[in-house]
Colleague: 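Questions regarding the structure given below will be posed in turn.
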Amino acid sequence: MAAPLDLDQLQTFIAIADTGSFTRAADEVFRTQSAVSMQMRRLEERVGKPLFEKEGRTNRLTEDGERLLAYARRMMRLNREALAALDDNRLEGSIRIGTPDDYADRFLPEIMARFARSNPRVELSVICEPTVNLVELIRRGQLDIALVTHDDERSPSEVVRREPLLWVTSANHMVHEEPVVPLAVGRPTCLWRQATLDALDRVEREHRILFTSWSATVIIASVLAGLAVAVLPECALRPGMRVLTESEGFPALPDGRIGILRGHSSQPEIVEALARHIAESLDNISLPAPEDPGSFDFAAIGLAMRGRRHKPGQMAGW
């Protein structure tokens, strides 16, 4: 029987992947750089494949390294969950979490399931509101933590995921070809709404607002019914939608950033534990790019091994 992988080596491997440097990873795992290098040599010997390649001063993962990284993250999460489940001093209490409805639909089931497995004595109360409302609830002390659309000015949250914003229409209707494009958008304070209007103005595409709503469910329903075009994040895509391209007159949009806001909780240890679970869950959820840029192959959509990482940039959001 093959010997099992070493969790200490995997922890160091993840640190190198996240920091892009053996030196910075050594600081993360409290080892010397030579010890880190030795660990990685042993790990490569164990798997029988090179895991890193040099790219300037940065250590870049090979294709095999990327594959191992997804498994390494899962193994470390399971290790933490196992230890938490056997901990007599495990967390206990209640926590209030807020999120927009589209994030709740796409992300919250996995986040809550994973958190509940390792923290069965913590009760979660969920509130679904637009980001602007969640920011106010956090400020008032009525929420402990919130998953929000990041805004540098209104909600300076800790960014944990980025997703492309996409123009979407019904796959069964041609509403996007109307001379004056009907739109389904958020309320006037919605940043995605402003990004939508600015983009169409920039290419001088005529448009009119047909639906206005805080609810992503309402926006999605209007698109699927063939009544309007909307801008949605990748996580909000549904079967029956088609993604519109620049060649069809719909310009590229900035990415949206998802972040975590923390309130002034009386149980900060629970807040931090949940924040860590959220970040780890979002880091491992992804939708694969479609083969045809004009549509999504929803049969292929699922949970990928690893979420995409991007540098922070311009944002838009509900």
Side-chain angles (χ1 to χ4, degrees), residues 100 102-103 106-107 131 148-155 157 159-171 173-213 216 219-220 222-224 226-259 282 285-298 300-301 304 306-318:
D102 49 344
Y103 295 169
R106 171 68 177 134
F107 301 130
T131 289
V148 299
T149 299
H150 178 86
D151 177 0
D152 290 321
E153 296 181 1
R154 294 188 305 192
S155 57
S157 55
V159 176
V160 290
R161 183 178 173 88
R162 285 186 63 173
E163 288 199 347
L165 293 177
L166 303 169
W167 297 96
V168 294
T169 188
S170 167
H173 301 82
M174 306 301 290
V175 65
H176 59 283
E177 294 186 354
E178 292 186 12
V180 180
V181 180
L183 300 173
V185 295
R187 296 288 180 88
T189 54
C190 167
L191 294 180
W192 290 352
R193 170 183 172 136
Q194 194 58 52
T196 300
L197 302 180
D198 288 347
L200 292 177
D201 288 341
R202 195 164 57 247
V203 297
E204 300 181 347
R205 183 77 184 264
E206 290 191 63
H207 54 274
R208 63 190 175 95
I209 295 176
L210 185 63
F211 288 97
T212 297
S213 176
I219 302 293
I220 289 169
S222 67
V223 171
L224 293 176
L227 300 175
V229 170
V231 167
L232 295 174
E234 188 182 54
C235 68
L237 294 174
R238 298 291 184 273
M241 289 182 180
R242 186 164 79 85
V243 175
L244 297 167
T245 64
E246 291 187 67
S247 64
E248 295 171 287
F250 294 89
L253 294 160
D255 284 347
R257 290 182 286 176
I258 302 173
L282 296 189
I285 296 176
S286 154
L287 297 179
E291 294 182 6
D292 177 2
S295 64
F296 262 78
D297 175 12
F298 284 93
I301 290 177
R306 185 181 178 222
R308 291 175 294 177
R309 292 176 174 267
H310 304 273
K311 294 180 179 179
Q314 184 182 2
M315 81 90 23
W318 289 113

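Residue numbers run from 1 in the order of the sequence given. Values in this document were obtained by computation on a predicted structure and should not be read as measured data.
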Colleague: So, taking the atom named CG in Leu166 and the one named CG in Asp255, what distance separates them when rounded to the nearest 0.5 Å?
Modeller: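 With rounding to 0.5 Å, CG (Leu166) is 9.0 Å from CG (Asp255).
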
Colleague: Side-chain contact, heavy-atom cut-off 4.5 Å: Trp167 with Thr196?
Modeller: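 A side-chain contact exists here, since the closest heavy-atom pair is under 4.5 Å.
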
Colleague: Can you tell if the side chain of Ser170 reaches within under 4.5 Å of the side chain of Val175, non-hydrogen atoms only?
Modeller: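 Of all side-chain heavy-atom pairs linking Val175 with Ser170, none is under 4.5 Å.
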
Colleague: What are the two closest non-hydrogen atoms of Ala199 and Pro251, and how far apart are they?
Modeller: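 Heavy atoms of Ala199 and Pro251 come nearest at O-CG, 3.4 Å.
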
Colleague: With a 4.5 Å heavy-atom cut-off, do Leu253 and Trp192 have their side chains touching?
Modeller: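 They are not in contact (no side-chain heavy atoms under 4.5 Å apart), so the answer is no.
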
Colleague: Would a 4.5 Å heavy-atom cut-off, applied to side chains only, mark His207 and Asp201 as touching?
Modeller: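 Yes, close enough: below the 4.5 Å cut-off.
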
Colleague: Donor-acceptor check, side chain of Thr149 to backbone of Thr131, threshold 3.5 angstrom: yes or no?
Modeller: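 Not confirmed, Thr149 side chain does not pair with Thr131 backbone.
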
Colleague: Do Ile258 and Phe107 have side chains that get closer than 4.5 Å, going by heavy atoms?
Modeller: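 Heavy-atom side-chain distance check passes, below 4.5 Å.
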
Colleague: How long is the gap from CG on Leu197 to CD1 on Ile209, to the nearest 0.5 Å?
Modeller: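 The distance works out to 5.0 Å.
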
Colleague: Glu163 pairs by side-chain contact (heavy atoms from CB on, under 4.5 Å) with which of Glu234, Arg106, Arg257?
Modeller: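 Only one of Glu234, Arg106, Arg257 forms a side-chain contact (heavy atoms from CB on, under 4.5 Å) with Glu163, namely Glu234.
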
Colleague: Might you point out which heavy atoms bring His176 and Val181 nearest each other, and give the distance in Å?
Modeller: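 Heavy atoms of His176 and Val181 come nearest at O-CG2, 4.2 Å.
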
Colleague: Report yes if some heavy atom in the side chain of Pro188 is under 4.5 Å from a heavy atom in the side chain of Arg193; otherwise report no.
Modeller: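 Touching, per the 4.5 Å side-chain cut-off.
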
Colleague: Report the residues that fulfil side chain to side chain contact (heavy atoms under 4.5 Å, CB included) with Val223, sequence neighbours left out, ordered by chain and then residue number.
Modeller: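 With sequence neighbours excluded, Val223 shows a side chain to side chain contact (heavy atoms under 4.5 Å, CB included) to Val168, Ala230, Met241, given in chain and number order.
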
Colleague: To the closest 0.5 Å, what do you measure between CD1 (Ile219) and OG1 (Thr212)?
Modeller: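 Those atoms lie 7.5 Å apart.
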
Colleague: Identify the heavy atoms of Ser157 and Gly259 that sit nearest to each other, and give their distance.
Modeller: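 Taking every non-hydrogen atom into account, OG-CA, 3.3 Å.
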
Colleague: List the atom of Glu248, the atom of Arg242, and the distance in Å for their closest heavy-atom pair.
Modeller: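 Smallest interatomic distance, heavy atoms only, reads OE2-NH2, 2.9 Å.
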
Colleague: Please collect all ring-ring contact (aromatic ring centres under 6.0 Å, His included) contacts where either partner lies in residues 226-245, sequence neighbours excluded, each pair once.
Modeller: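 Matches after skipping sequence neighbours: none remain.
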
